[in-house]
Amino acid sequence: MPGRERIAVIGLGYVGLPLALALARQFETIGLDIDSGRVRELRGGHDRTGEIEDAKLSASTLTLTDRPEDCAGYDVYIVTVPTPVDSANQPDLRPVESATRTVAGLIDPALRPTIVYESTVYPGVTEEVCAALLEEAGLVRGRDFRLGYSPERINPGDKVHTVDKIVKVIAGEDDEVCAQLERIYGAVTEAGTFRAASIRAAEGAKVIENAQRDINVAFMNEVARIMADAGVSAWDVLDAARTKWNFLPFEPGLVGGHCIGVDPFYLAHLAEKLGHQPQVILAGRDTNDTMGAWIIDRLHARRGGKAGRALVLGLTFKENVPDLRNSRSADLVERLEYLGYDVAIADPVADADEVRQTYGRAPVELPAEGFDLVIGAVRHAPYQAMGAHELAAMVAPGGTIADIKAMWRDQRGEIGRDYWSF
Ligand SMILES: NC(=O)c1ccc[n+]([C@@H]2O[C@H](COP(=O)([O-])OP(=O)(O)OC[C@H]3O[C@@H](n4cnc5c(N)ncnc54)[C@H](O)[C@@H]3O)[C@@H](O)[C@H]2O)c1
């Protein structure tokens with residue numbers, strides 16, 4: 001039974017599309033994206049992010065548009081646009097600002113719509129930056145529109161923690177907005193809602209969730225470096241440490257993507273604005289961002305400083321996700337080339353044309369052979385499934401196989417080639 005509100009979701013990416021589809025089951029919902037190509041593809045029944053199955057997309061009553069005017073006069077606007085950083089790692093709020101200006105032009109003050117932000121920001125962005133832009137357009141907060149915030153918890157590639165199964169944190173500028181958001185989000189998640197104490201608290205919750213993960217992985221990466229120098233496998237150390245009841249099971253590795261590797265900079269920016277030095281947060285970022293170069297230098301030294309033909313397996317920021325943005329595999333390629341390697345790349349999930357555009361070369365198709373150095377960088381399912389025989393075939397005699405994600409650790413004795421991992 002459709003609810004009363006008509007809802008517009010602004011930005012149809014990893015976060016916006018699953019949310020809009022879930023809402024469309026209960027409410028009259030429209031999804032807006034400025035990328036006409038994205039809208040065309042979705043209308044054609046395909047989601048290239050792989051989050052939504054084609055059949056589910058085609059069966060939905062969600063209206064899709066790239067024309068803002070189609071979203072005029074809605075009761076609720078939910079903003080799910082990207083929040084990247086600029087080249088100096090400072091928050092780039094331009095997509096949020098631009099989406100807010102768009103929404104300002106669509107509001108019917110008689111409806112007093114609620115504008116909810118889901119994009120990851122730092123405390124204050126919704127009520128200072130966004131509210132100011134809406135008021136600049138001649139609208140008065142509380143009278144013509146009201147604000148809310150509900151941090152997204154989408155985990156790309158994760159088919160278990162989907163939007164309908166996660167606790168949805170909600171916050172509103174007053175009790176009425178909170179109750180409205182509890183009702184709307186409550187209708188689309190079976191896990192229930194949590195009313196945060198304030199919009200700022202909800203903004204803070206989201207940004208620290210990701211910063212916490214980044215810092216924990218950074219600690220693992222630091223452990224991996226220390227253990228490597230001590231001649232001990234970090235995985236062996238972790239296998240043993242994990243037996244303790246309160247040990248947190250994080251792993252070393254590359255931290256890419258547009259959330260975990262980016263959001264801590266939002267928190268750091270807020271800290272610096274307030275005169276606080278975010279030492280832990282930034283140390284974690286630095287450790288994680290330099291991991292790719294550290295791995296390659298380590299492997300190069302292992303090979304006696306001799307360059308050769310290298311193959312990097314896995315180019316996306318995460319396993320089983322096609323997104324190449326902010327992937328740290330690029331660091332591996334860059335460092336290898338700096339050291340004089342001839343570098344081939346492969347990825348079974350990423351779009352080959354996008355790979356070509358991003359890396360300036362075509363991905364190789366497996367099986368491939370004769371590489372001096374083969375680096376397993378991303379735990380994509382087809383890589384995880386490779387057997388010792390297949391792995392050995394890729395590596396030239398005297399070559400090395402590097403297993404950053406410990407995908408082939410159980411087979412390391414059978415590969416018959418020099419094997420390296422943390
Ligand atoms: N993907 C995640 O894992 C994840 C998890 C939690 C939170 N977040 C946060 O959610 C937000 C969105 O992330 P995402 O992964 O969905 O991004 P995304 O890049 O996948 O999608 C964003 C979409 O918004 C569109 N867009 C940009 N500006 C627009 C505008 N002004 N009007 C309309 N559409 C516009 C883009 O074309 C794109 O399709 C970010 O703040 C991100 O940090 C993401």
Side-chain angles (χ1 to χ4, degrees), residues 8-22 30-43 46-52 64-71 74 77-85 91-106 115-122 125-126 129-130 133 149-159 161-163 166-169 202-203 205-214 255-267 269 316-327 354:
V9 176
I10 317 295
L12 298 174
Y14 281 87
V15 168
L17 180 66
L19 176 72
L21 288 168
I30 189 167
L32 168 71
D33 203 294
I34 44 165
D35 180 349
S36 306
R38 172 78 172 148
V39 172
R40 211 175 311 121
E41 157 202 303
L42 294 175
R43 278 190 182 142
H46 180 66
D47 167 29
R48 96 182 95 104
T49 68
E51 294 298 304
I52 303 295
L64 295 157
T65 186
D66 56 1
R67 301 185 333 156
E69 59 269 30
D70 291 344
C71 304
Y74 271 68
Y77 292 91
I78 303 181
V79 178
T80 52
V81 298
T83 43
V85 287
D92 175 1
L93 290 175
R94 284 175 301 178
V96 167
E97 289 169 353
S98 137
T100 302
R101 285 197 192 93
T102 301
V103 170
L106 301 171
I115 305 163
V116 186
Y117 290 84
E118 291 219 3
S119 299
T120 305
V121 291
Y122 52 83
V125 169
T126 302
V129 181
C130 299
L133 285 174
Y149 185 82
S150 179
E152 186 42 71
R153 284 180 167 158
I154 292 275
N155 186 21
D158 184 340
K159 305 293 182 215
H161 304 100
T162 48
V163 66
I166 51 170
V167 174
K168 201 74 174 88
V169 172
E203 291 171 319
K206 172 66 215 188
V207 75
I208 75 156
E209 283 171 15
N210 283 355
Q212 183 191 65
R213 181 161 176 80
D214 192 46
V255 180
H258 52 296
C259 291
I260 308 295
V262 167
D263 298 347
F265 288 123
Y266 274 67
L267 187 56
H269 170 82
T316 63
F317 84 88
K318 186 179 179 183
E319 64 274 11
N320 307 321
V321 165
D323 198 340
L324 291 166
R325 292 175 298 175
N326 295 347
S327 165
E354 278 182 40

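Start at 1 and go down the list; that is how both ligands and their atoms are numbered.
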Response to the item:
Among Pro82, Gly11, Ala99, closest by heavy atom to atom 22 (C) of ligand 1 is Pro82

Discussion item. My understanding is that only one of Lys206, Glu203, His269 makes a side chain to side chain contact (heavy atoms under 4.5 Å, CB included) with Tyr122; could you say which?
Written reply: His269

Discussion item. If you measure every N or O of Glu118 against every N or O of ligand 1, does any of those distances drop under 3.5 Å?
Written reply: no

Fill in: Val9 side chain near Leu32 side chain, heavy-atom distance below 4.5 Å
no

Response to the item:
If we number the atoms of ligand 1 from 1 as shown, the ones under 4.0 Å from a heavy atom of Ser119 are 11 (C), 41 (O)

Worksheet item: Would Arg213 and Asp263 pass as an ion pair if we require N to O under 4.0 Å?
Response: no

Discussion item. Under 4.0 Å, counting heavy atoms only: does Thr102 come that close to any atom of ligand 1?
Written reply: no

Worksheet entry | Close side-chain approach of Leu106 and Tyr77, heavy atoms under 4.5 Å | yes

Worksheet item: Please state which protein non-hydrogen atom is closest to atom 44 (C) of ligand 1 and give its distance, to 0.1 Å?
Response: Cys259 SG, 3.1 Å

Discussion item. Going by the closest heavy atom to atom 7 (C) of ligand 1, which one wins out of Leu19, Val79, Thr120?
Written reply: Thr120

Practice prompt. Give yes if a backbone or side-chain nitrogen or oxygen of Val15 is under 3.5 Å from a nitrogen or oxygen of ligand 1, and no if not.
Written response: yes

Discussion item. Within the 4.5 Å heavy-atom criterion, are Phe317 and Arg325 side-chain neighbours or not?
Written reply: no

Discussion item. Do Val262 and Asn326 make a side-chain contact, defined as non-hydrogen atoms from C-beta onward lying under 4.5 Å apart?
Written reply: yes

Worksheet item: For atom 37 (O) of ligand 1, what is the nearest protein heavy atom, given as residue, atom name and distance?
Response: Asp33 OD1, 2.6 Å

Worksheet item: Taking only heavy atoms of Ile10, which atoms of ligand 1 are found under 4.0 Å from at least one of them?
Response: 32 (N), 33 (C)

Fill in: For Lys168, all residues meeting salt bridge (charged side-chain N to carboxylate O under 4.0 Å, His left out), sequence neighbours excluded
Glu118, Glu152

Response to the item:
In this structure, atom 21 (O) of ligand 1 is nearest to the protein heavy atom Gly13 CA, 3.1 Å

Discussion item. Below the 3.5 angstrom mark, is there an N/O of Ser98, backbone or side chain, next to an N/O of ligand 1?
Written reply: yes

Worksheet item: Are any non-hydrogen side-chain atoms of Thr65 and Val39 less than 4.5 angstrom apart?
Response: no

Worksheet item: Looking only at heavy atoms, which two atoms of Pro95 and Pro82 are closest? And how far apart?
Response: CB-O, 3.4 Å

Fill in: Proximity winner for atom 34 (N) of ligand 1, if only heavy atoms of Val96, Val9, Ile34 are counted
Ile34

Worksheet item: Would you say Lys206 and ligand 1 have an N/O pair spaced under 3.5 Å apart?
Response: no

Worksheet item: Is there a side-chain contact between Thr120 and Tyr266 (heavy atoms, below 4.5 Å)?
Response: no

Worksheet item: Hey, is ligand 1 close enough to Thr83 that some N/O pair sits below 3.5 Å?
Response: yes

Worksheet item: Does Thr80 approach ligand 1 within less than 4.0 angstrom via side chain, backbone, both or neither, non-hydrogen atoms only?
Response: backbone

Worksheet item: What's the shortest distance from atom 15 (O) of ligand 1 to any protein heavy atom, and which residue and atom give it?
Response: His258 NE2, 2.6 Å

Worksheet, complete the sentence: re atom 3 (O) of ligand 1, the protein heavy-atom contact at minimum distance is Pro156 CD, 2.9 Å

Item to complete: Go through ligand 1 atom by atom and flag the ones less than 4.0 Å from a non-hydrogen atom of Asp35.
Response: 37 (O)

Worksheet item: Nearest to atom 5 (C) of ligand 1, what protein heavy atom do you find, and at what distance?
Response: Ile154 O, 3.1 Å

Worksheet item: Does a side chain donor of either Tyr117 or Ser150 reach within less than 3.5 Å of an acceptor in the other side chain?
Response: no

Practice prompt. Tell me which protein heavy atom sits closest to atom 12 (C) of ligand 1, plus the residue, atom name and distance to 0.1 Å.
Written response: Val81 O, 3.4 Å

Discussion item. I'd like to know if Arg94 and Glu97 make a salt bridge, using a cut-off of under 4.0 Å between side-chain N and carboxylate O.
Written reply: no

Discussion item. I want to know if ligand 1 touches Arg325 in the polar sense, i.e. an N/O pair below 3.5 angstrom.
Written reply: yes

Worksheet item: Does a side-chain heavy-atom distance below 4.5 Å link Leu17 with Leu42?
Response: yes

